[in-house]
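All values below come from the heavy atoms of this structure, side chains included, with hydrogens, waters and symmetry mates left out.
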Amino acid sequence: MLNVTHLIQAGGLALVAAIIFGESGMFIGFFFPGDTLLLSAGVFAAQGKLPLTTTILVIALAAILGDNTGYHIGKRYGRRLFRKPDGLVFRQEYVQRAERFYERFGSKTMLIAHFVPVVRTFAPAVAGVARMNYRQFFIFDALGDAAWAVIVTLIGYWFRPKIPNVD
């Protein structure tokens, strides 16, 4: 089992940033404990082991950079998966559906994607494949990432003194 407390103690904010970046942009995120990591970082900040403002900024920036990496990977390489004749997993129809979805709901999707564990890993890349407007992607993704970093980290920060031995 992954010990998040040990990860934060051993690697500090650099390791937190690397994990959040990997979860957000490298398609391996569903193996990483993003929400647990943020809650733990909030607990550590409440204990005075991490600076709260810096922790939130590092998390938000790592998520934004990771999501932008995922978007650009999806935009550059994602369509290659769909150029072949329709297979079991990759179908031309899926790209068309994704394009329509991101035209209609792209902004909302990027605002809430980080609050849904597996979705936060794939939403940026699918936005790239669907050719979502980059400016729109960047603005709404950054807002969603910042909100996620603030809210989840502050929940950990707030709960630390409320629940004895939560750490």
Whether Asp67 side chain and Pro124 backbone form a donor-acceptor pair below 3.5 Å: no

Minimal non-hydrogen separation, Ala146 against Ala60, with atom names: CA-CB, 4.1 Å

Asn68 vs Phe138 side-chain heavy atoms within contact, under 4.5 Å: yes

Cluster overlap Val152 with Val16, hydrophobic side-chain contacts below 4.5 Å: yes

Interatomic spacing from CZ in Phe140 to CD1 in Ile112 - rounded to 0.5 Å: 13.0 Å

Check: Thr153 and Leu52 side chains under 4.5 Å, non-hydrogen atoms: yes

Within one Ile-Leu-Val-Met-Phe-Trp-Tyr cluster: Phe115 and Phe159, side-chain cutoff 4.5 Å: yes

hydrophobic_cluster_shared for Ile64 and Leu111, side chain cutoff 4.5 Å: yes

Check: Leu38 and Ile20 side chains under 4.5 Å, non-hydrogen atoms: yes

4.5 Å side-chain heavy-atom contact, Thr109 and Val126: no

ring-ring contact (aromatic ring centres under 6.0 Å, His included) pairs, two or more places apart, involving residues 48-72: Tyr71-Tyr134, Tyr71-Phe137, His72-Tyr134

Shared hydrophobic cluster for Leu37 and Trp148 (ILVMFWY, side-chain gaps under 4.5 Å): yes

Verdict with supporting geometry, Ile56 and Leu154, side-chain contact (heavy atoms from CB on, under 4.5 Å): CA-CA 9 Å; Ile56 291 171; Leu154 286 180; 4.2 Å; yes

Check: Thr55 and Phe44 side chains under 4.5 Å, non-hydrogen atoms: no

Flag for Asp141-His114: side-chain donor and acceptor within less than 3.5 Å: no

Exercise: identify the closest heavy-atom pair between Ile59 and Ala149: CG2-CB, 3.6 Å

Min side-chain heavy-atom separation Met110-Met132 under 4.5 Å: yes

Cluster link Leu15 to Leu57, ILVMFWY, side chain under 4.5 Å: no

Side-chain (Thr121) to main-chain (Glu23) donor-acceptor, under 3.5 angstrom: yes

